[in-house]
Amino acid sequence: MGFSKEMVIKAVKENGQNEGAVLDALLTYKTFEESPEDEQVLVDPCHAELASNVLDVYPDEEICENEEFKNLSTEKDRTVSLLVEMGYQAEEALAAIDRCSLDTPIAELVEFISAAQFAYHTDAQLGELSYDNKIHQHQKVCVLFLSELTCSSDLRFLNQLYTMFLVGFPKLNGPVYMSKKKRKYYDNEMQKLQKQRKYLEKQPMDHDNEIVHLPNPMVGFGVPNQPSPVLFQRRIPDEAEGRPYFYFENVALAPKGVWHTMSRFLYYIDPEFVDSKFFCAAARKRGYIHNLPIENRSQLLPTPPSTIHEALPHTKQYWPSWDKRMQLNCILTCIGSAKLTDRIKKAVEKSGDDEPLPGVKKYVIQQCKKWNLIWVGKNKVAPLEPHEMEMLMGFPPNHTRGGGISRTEQYTVLGNAFQVDTVAYHLSVLKSMFPDGISVLSLFSGIGGAEVALHRLGIPLRNVVSVEISETCRKILKSWWDETNQQGKLIHFHDIRMLTAHELEKCMSTFGGFDLIIGGSPCNNLAGGNRSTRNGLEGSKSCLFFEYYRIIELVRSMMRHR
DNA sequence: TACACGATGAATACAACT
DNA sequence: AGTTGTATTCATCGTGTA
């Protein structure tokens, strides 16, 4: 069929014996190979790989010693001329430097320009739309590209592109970078990709390979006091092995295909699905993708109460015998209203001291389960209090209190948090590995579930770089940090989308790299409770998963070559 | 202005059944 | 193997009120 031997070998290596995937990969290579020579630097699948290799040897420093550049007046001029030398226009180079700052490594500037060019092009294709709408369309296009390509170097390049869309390239407001020749080339590329997409959409999908099955019971690789599950071989590819360890979390009951995609991005590691009802008195079905060892885990002590009665003893005296609940449902971000509890009270009181009619009982139980209501008085139900949620989730008392936080916001941040005991069980294996403490990169930190878990395990927190967009959450974590008298350093970043490789490099050079990357990406567009925008990884919040992926890939590749 | 409330179902898994 | 019924779910939005 005209493919070169090297290509076929590469494709088989990356896709195994799956003929369809191999063919797809070959077609993709072919697409790129046919690019005109002088444009290759822009969309060549090897380009991203090249860039990351270059990054490893710090080319800008190396080249700085070259005589040719010493005569140039400023560092900026030097960088610009270097980029021009590489085939970029001076305007592009200047815009990139202005946007990224001058001391950004050359490889990152190159990636920025490449992504900006492609982004600009797709932007032109979308025509007249509102800014927000455009950004969202770009994200969609990117997700589609990303989910079609399986070659890892393609993924790296497109990931950079994706970042560009997220960051909002049109704000550049720069000149039109593309020459007519380039524009034509991009049009051509776009058409090919769209054709490929349509072709793939028509193909009958091999759904069996795409479905990630949830274990029943949901005990992951094992939980305390439960029979061990039958374990299939747990395979962690070499490139995902070892330090820095990573730990990713999200809702287990995401739309179909989402976990398969997330697993594909995170080195094809099988997710570990665990229900926190095996750790505390409330359910919480979550999936975790991590490369931690799973032997010799240990529980957090003291073990928390496992039933409603033990966890909330004051409810015992009011709990009717016909409410058979032993554990609570998942703690969400919204609570039942006062009027609802009122209606329930009236309905139950109608029957006096007798048991309510079956119809009433059914209604009450249904509402109690739906809204996680507990019995706090005679015939009286109420939603959980924030401090009760904190306790159930494994946080210290009043963790989310103070700092001018509203009650509603307390519920929101608690509903988004880790169940500390569950996460700590998985992280417990780190204790013997890092007896002197660990350096943590905490993404989407929220109220600091990861930090609390590590602290309660007795693992000293040497350095914590926390990325969290909500100011209230950052305040909560900071005040916990101060209250628990932490000796290490806590550094906050605001927006993960703005976190550059350069900033990470700076952190890592002072900390000696990271030991653990931990976090759960936003689930807003994955969660079952979302009626309006449950649109999967394309959603405006949940698409930040790809940022999580970007950071992991970045940190790990930087640390591999330190 | 900030906060609390109430209306807004569908997607998914699974047990039980034909 | 297909069908039916049951249970659960890290939510968003506009609106009224203090």
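Chain A is the first sequence line, chain B the second, and so forth, proteins listed ahead of strands; every chain is numbered from 1.
Checked against C:dT8, B:dT12, C:dC10, the side chain of A:K369 finds its nearest nucleotide in C:dT8. Listed candidates were C:dT12, B:dA13, C:dC10. Nearest to the side chain of A:N524 is C:dT12. Which of C:dT12, C:dT8, B:dA11 sits closest to the side chain of A:S532 comes down to C:dT12. Here the side chain of A:S406 is nearest to one of B:dA11, B:dC3, B:dC5, namely B:dC3. Comparing B:dG9, C:dT9, C:dC10 by their nearest atom to the side chain of A:R531 picks out B:dG9. Distance from the side chain of A:N329 is smallest to C:dT8 among C:dC10, B:dC5, C:dT8. Each of C:dC10, C:dT12, B:dG9 was ranked by its minimum atom distance to the side chain of A:R284; first place goes to C:dC10. For A:C330, taking side-chain heavy atoms from C-beta onward, the closest of the listed nucleotides C:dT9, B:dA11, B:dC3 is C:dT9. For A:N216, whose side chain is taken as the heavy atoms from C-beta onward, the closest listed nucleotide among B:dA15, C:dC10, C:dT12 is B:dA15. Distance from the side chain of A:S337 is smallest to B:dG6 among B:dG6, C:dT12, C:dC10.
As judged by a 4.0 angstrom heavy-atom cut-off over every strand, A:R407 is placed among residues touching the sugar-phosphate backbone only. Note on A:S521: a base of the nucleic acid sits closer than 4.0 angstrom, heavy atoms only. Counting any heavy atom pair closer than 4.0 Å across all strands shown, A:L214 reaches sugar-phosphate atoms only and no base atom. Residue A:E409 is out of contact with every strand shown, counting any heavy-atom pair closer than 4.0 Å. Using a 4.0 Å heavy-atom cutoff across all strands shown, A:K370 reaches no nucleic acid atom at all. Contact annotation for A:C334: base contact, defined as any heavy-atom pair under 4.0 Å involving a base atom.
The minimum heavy-atom distance between A:W375 and A:C368, with the atom names listed, is CZ2-SG, 4.3 Å.
In this structure, A:K285 reaches the C:dT9 phosphate: one of its side-chain N or O atoms is under 4.0 Å from OP1 or OP2. Phosphate contact (OP1/OP2 of C:dC10, side-chain N/O of A:R286, threshold under 4.0 Å): present.
A donor-acceptor pair shorter than 3.5 Å cannot be found between the side chains of A:T307 and A:Q327. With no hydrogens or angles considered, a side-chain donor-acceptor pair links A:S276 and A:T422 at under 3.5 Å.
Across all strands shown, B:dG9 forms no Watson-Crick or G-U wobble pair with both distances under 3.5 Å.
In this structure, A:K541 atom NZ and C:dC10 atom P are separated by 16 Å, rounded to whole Å. In this structure, the NZ atom of A:K324 is 15 Å from the P atom of C:dA7, given to the nearest Å. Rounded to whole angstrom, the span from the CG atom of A:N530 across to the C1' atom of B:dT12 amounts to 15 Å.
Remark: the separation of the P atoms in C:dC10 and B:dC5 is 22 Å, to the nearest Å. Nucleotides C:dT8 and B:dT8 are separated by 23 Å at their P atoms, to the nearest Å.
DNA chain C is contacted by both A:N525 and A:Q366; A:Q366 maps to the nucleotide lying nearer its 5′ end (nearest heavy atom per residue). Annotation: of the two residues near DNA chain B, A:G529 and A:K256, the 5′-most nearest-nucleotide partner is A:G529.
Salt-bridge formation is detected for the pair A:R297/A:E272: a Lys NZ or Arg NE/NH1/NH2 atom is positioned less than 4.0 Å from an Asp or Glu carboxylate oxygen.
Contact check for A:E468 versus A:F493: no side-chain heavy atoms found under the 4.5 Å cut-off.
Between A:Y425 and A:F279, the gap from one ring centroid to the other is short of 6.0 Å.
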